[in-house]
Number of protein chains: 4
Amino acid sequence: MATKSGDKFAAILDAAQAVIARQGYQGAQISRIAAEAGVAAGTVYLYFKNKPDLLVSLFRDRLGVLIEQARGNRTESADPAEKLRWFIWQHLKSLSAHRELAVVTQIEMRQAETDVQREISQIMKGYFQVIDEIIEEGQQTGVFLPAVDPKQIRNLVFGTLDQTVTAWVMSGFQFDLEAMAEPTYRLVTGGVCQSGQGGTQRYGDSCTAQTDV
Amino acid sequence: MATKSGDKFAAILDAAQAVIARQGYQGAQISRIAAEAGVAAGTVYLYFKNKPDLLVSLFRDRLGVLIEQARGNRTESADPAEKLRWFIWQHLKSLSAHRELAVVTQIEMRQAETDVQREISQIMKGYFQVIDEIIEEGQQTGVFLPAVDPKQIRNLVFGTLDQTVTAWVMSGFQFDLEAMAEPTYRLVTGGVCQSGQGGTQRYGDSCTAQTDV
Amino acid sequence: MATKSGDKFAAILDAAQAVIARQGYQGAQISRIAAEAGVAAGTVYLYFKNKPDLLVSLFRDRLGVLIEQARGNRTESADPAEKLRWFIWQHLKSLSAHRELAVVTQIEMRQAETDVQREISQIMKGYFQVIDEIIEEGQQTGVFLPAVDPKQIRNLVFGTLDQTVTAWVMSGFQFDLEAMAEPTYRLVTGGVCQSGQGGTQRYGDSCTAQTDV
Amino acid sequence: MATKSGDKFAAILDAAQAVIARQGYQGAQISRIAAEAGVAAGTVYLYFKNKPDLLVSLFRDRLGVLIEQARGNRTESADPAEKLRWFIWQHLKSLSAHRELAVVTQIEMRQAETDVQREISQIMKGYFQVIDEIIEEGQQTGVFLPAVDPKQIRNLVFGTLDQTVTAWVMSGFQFDLEAMAEPTYRLVTGGVCQSGQGGTQRYGDSCTAQTDV
DNA sequence: TATGAATGAGCGTTCATTCAT
DNA sequence: TATGAATGAACGCTCATTCAT
């Protein structure tokens with residue numbers, strides 16, 4: 001039942017993640033989380049103000065790890081494109097290795113009350129910042145489209161990752177999420193259209209027309 | 001209060017959408033929805049099995065409109081790329097015109113219980129199919145990357161749209177969502193990387209290297 | 001269990017009075033009151049906002065009867081002193097006939113939270129007003145000491161009654177409360193000191209000195 | 001925070017009085033009282049059996065001071081009426097000088113559970129005894145009405161004082177409580193009726209008729 | 001003595017759902 | 001069909017009390 005660690009804070013967070021992944025946000029009773037953490041129900045309130053606070057804390061803690069990881073890895077290559085590849089790979093790899101976390105972040109955390117949602121959005125900004133920095137660097141060095149609002153690019157990158165992970169969770173983990181990293185990266189950077197078509201396509205072909213503007 | 005129409009079914013759905021957009025999924029009480037629809041609380045149960053059923057019905061109804069719209073519009077051009085452009089534009093335009101609907105689909109509907117989530121996913125498949133058909137047609141005609149799993153492309157397309165709309169809602173509708181259609185289309189089709197770089201890039205540049213594989 | 005009356009409002013008030021008299025304010029569980037009233041716990045909240053509101057309502061209702069009674073009886077005689085005698089008699093007689101009510105008003109109602117106390121004080125003002133009117137009339141007609149702040153007189157009158165009833169309750173109803181009316185009236189009107197002493201007392205005797213000022 | 005004295009018993013009682021006066025009986029948490037006393041929560045249980053015991057102890061201690069004071073002062077004059085005057089003045093003066101104590105005794109202590117109430121009543125008997133002794137002495141020396149049950153007189157005296165102090169607390173200390181001593185004494189001893197009326201009153205006037213019986 | 005982290009019983013309140021009319 | 005009063009299960013949270021140190 002109880003996590004071996006004497007650190008009840010971590011034990012409760014772990015239990016919360018497990019229970020939420022299993023029972024869903026609404027079904028996650030404090031008493032259940034406490035039991036799973038090996039503490040009394042009241043003890044939860046020594047570490048967290050209330051149920052929403054526990055959930056926000058869980059999200060902050062878990063995303064914090066992703067953010068740290070992403071920030072650390074970013075420096076391994078000078079090329080922004082390479083940094084982006086690395087970011088995508090890390091994201092998918094991390095969630096791939098922690099299915100419970102993926103379930104919680106992709107599905108259950110979005111079932112919180114509106115107030116909690118707002119706080120989670122704030123926390124997400126920290127992760128968005130990591131992407132934004134990569135994008136802006138890439139735009140400055142001319143690797144990424146400089147004329148496009150970086151937020152749009154971020155929406156493309158994060159939206160694609162998010163959708164991919166959600167699809168993985170909803171499928172019941174039926175495919176290899178980490179293996180999606182490379183193709184996802186290619187799609188994101190190269191787009192949907194057939195390359196090389198540019199030379200032969202007829203006028204008005206919208207798939208190449210885009211680059212004209 | 002009540003929708004004038006004698007069609008209580010529609011009146012309840014409308015009220016549900018309004019109340020959920022305003023009070024959030026959790027705060028949406030049946031009694032409130034009923035009052036807003038101009039019927040008694042018990043009447044809701046003459047048209048819907050229970051609360052989850054009401055929510056799923058709402059989602060099905062609203063997404064149904066989007067799907068019909070997307071299917072209808074798809075035929076206006078033979079070019080799959082053009083169809084995609086049209087789809088993206090329709091999606092953003094529709095939600096742009098119906099903020100309440102956007103709030104409900106992007107934020108509040110994701111707060112439902114796990115069971116509801118599953119059903120919503122099923123309904124989403126209908127919308128995904130529309131995208132999938134466009135993508136597959138594009139791959140067959142050679143407009144879209146043929147070697148890539150169409151589901152990945154769909155994740156890119158839908159993920160980007162979804163993220164864009166969510167950002168719009170979370171921002172408090174601070175930007176022109178419909179105006180995002182064209183740049184979003186270009187990003188999705190052309191990718192993040194600077195075009196034309198192909199000729200001058202040095203070996204190993206990952207932003208072009210991708211197309212080699 | 002249930003009061004025969006279909007009037008659930010009254011049934012809940014009756015049950016509340018009974019349960020509070022028996023278990024005390026703190027021990028009076030809503031579930032218990034509901035059971036005793038023959039309704040479901042949730043039903044209580046159809047008639048009362050919350051527990052404090054139920055208590056305040058109970059007090060208002062019960063005191064309202066006393067106030068009406070006191071106001072009605074006041075007109076039976078023109079003499080303010082006689083009105084006071086009547087008031088005192090009515091007060092003691094009413095509580096004497098309703099031990100449960102006496103317990104609740106004298107003991108248990110004073111165990112409410114500070115907020116409830118404040119509201120109860122407001123309600124008490126209605127009862128005080130009845131006394132005040134009698135007193136002021138008596139002062140104007142010269143029957144009662146005109147130079148004394150009427151509020152002080154009221155404190156004497158109500159304080160004595162209140163203390164008497166509380167003593168009765170705390171004693172376990174060991175004496176005849178109604179029989180206390182006449183002697184109480186005499187004490188209140190004539191004071192503690194031996195009458196007739198005025199003529200023989202030596203200078204400085206404080207029991208008569210008072211009348212000199 | 002903590003009282004300087006090493007006497008934790010007294011420190012806890014002081015803290016209890018302060019916290020109860022500020023937060024009310026219900027809101028007085030042991031942990032808060034402990035913090036205010038500069039000790040750990042557990043330490044409270046080294047000096048008091050439980051929360052009710054702490055409250056009863058507080059009341060006993062505070063009332064003990066009043067009783068001692070009243071007993072000491074009683075001997076300063078041989079005249080029972082003068083003793084009564086002194087008693088009334090002491091009572092109002094003491095509470096006037098200790099608003100916190102007045103709040104606790106008049107309002108908050110009455111919010112205790114039924115068990116605590118019973119014990120408080122017992123303690124009150126000690127104070128009542130002081131009044132009773134004065135009264136009985138006065139009756140024996142013929143100063144106070146000999147035919148009246150001394151308990152009735154006590155109810156008049158204490159009830160009036162109690163009501164006066166409560167009115168003072170509820171008013172937010174808006175008047176000079178100590179200044180009420182003399183008029184209160186006069187009322188108590190002389191009664192509500194106009195003196196001197198005896199000679200001129202018409203037959204049946206109830207305000208004088210009383211002394212006939 | 002003293003600590004203070006941990007306990008866990010206990011209860012007010014909400015609200016989806018039912019059913020007699 | 002329609003009503004809406006009544007239901008009652010379900011749960012987050014508090015805080016007096018304990019006990020290992």
Exercise for the section: Could you measure between the two P atoms, the one in E/dT1 and the one in F/dT21, and give it in whole Å? Expected result: 22 Å

Practice task
Let me have DNA chain E in dot-bracket notation, would you? Count Watson-Crick plus G-U wobble pairs, both distances under 3.5 Å, and use [ ] for pairs crossing earlier ones and | for inter-strand partners.
Solution key: .||||||||||||||||||||

Problem - side chain to side chain donor-acceptor pair (under 3.5 Å) involving A/R22 - partner list, sequence neighbours excluded - result: A/E36

Handout entry: Any residue meeting side chain to side chain donor-acceptor pair (under 3.5 Å) with A/R32, in chain and number order, not counting sequence neighbours
Key = none

Problem - Proximity to the side chain of D/I30 - top-ranked nucleotide from F/dG12, F/dT17, E/dG12 - result: F/dT17

Just the table, please: protein N/O against nucleotides 7-10 of chain E N/O, every pair under 3.5 Å.
from: E/dT7; atom 1: OP2; to: A/A40; atom 2: N; distance (Å): 3.0
from: E/dT7; atom 1: OP2; to: A/T43; atom 2: OG1; distance (Å): 2.2
from: E/dG8; atom 1: N7; to: A/G42; atom 2: N; distance (Å): 3.2

Exercise for the section: Cation-pi check, A/K51 to A/Y25: give yes when NZ or CZ is under 6.0 Å from the six-membered ring centre and within 45° of the ring axis, no otherwise. Expected result: yes

Problem - Pairing residues for D/T166 by the side chain to side chain donor-acceptor pair (under 3.5 Å) criterion, not counting sequence neighbours - result: D/Q106

Completion exercise
Among the nucleotides F/dA6, F/dC13, E/dG12, whichever has the atom closest to the side chain of C/Y45 is E/dG12

Practice task
Examine F/dA2: is either OP1 or OP2 under 4.0 Å from a nitrogen or oxygen in the side chain of B/Y47? Give yes or no.
Solution key: yes

Fill in the blank from the handout: residues 54-65 of chain B vs side-chain hydrogen bond (donor to acceptor under 3.5 Å, both in side chains), sequence neighbours excluded, gives B/D14-B/R62, B/Q17-B/R62

Problem - Which residues share a salt bridge (Lys or Arg N to Asp or Glu O under 4.0 Å) with A/R99, sequence neighbours left out - result: none

Exercise for the section: Just call it for B/A28: base, sugar-phosphate, or nothing, with non-hydrogen atoms closer than 4.0 Å on any strand. Expected result: sugar-phosphate

Handout entry: ring pair (Phe, Tyr, Trp, His ring centres under 6.0 Å) partners for D/F48, two or more places apart
Key = D/F9

Problem - Results of ring pair (Phe, Tyr, Trp, His ring centres under 6.0 Å) for B/Y127 - residues two or more places apart only - result: B/F87, B/H91

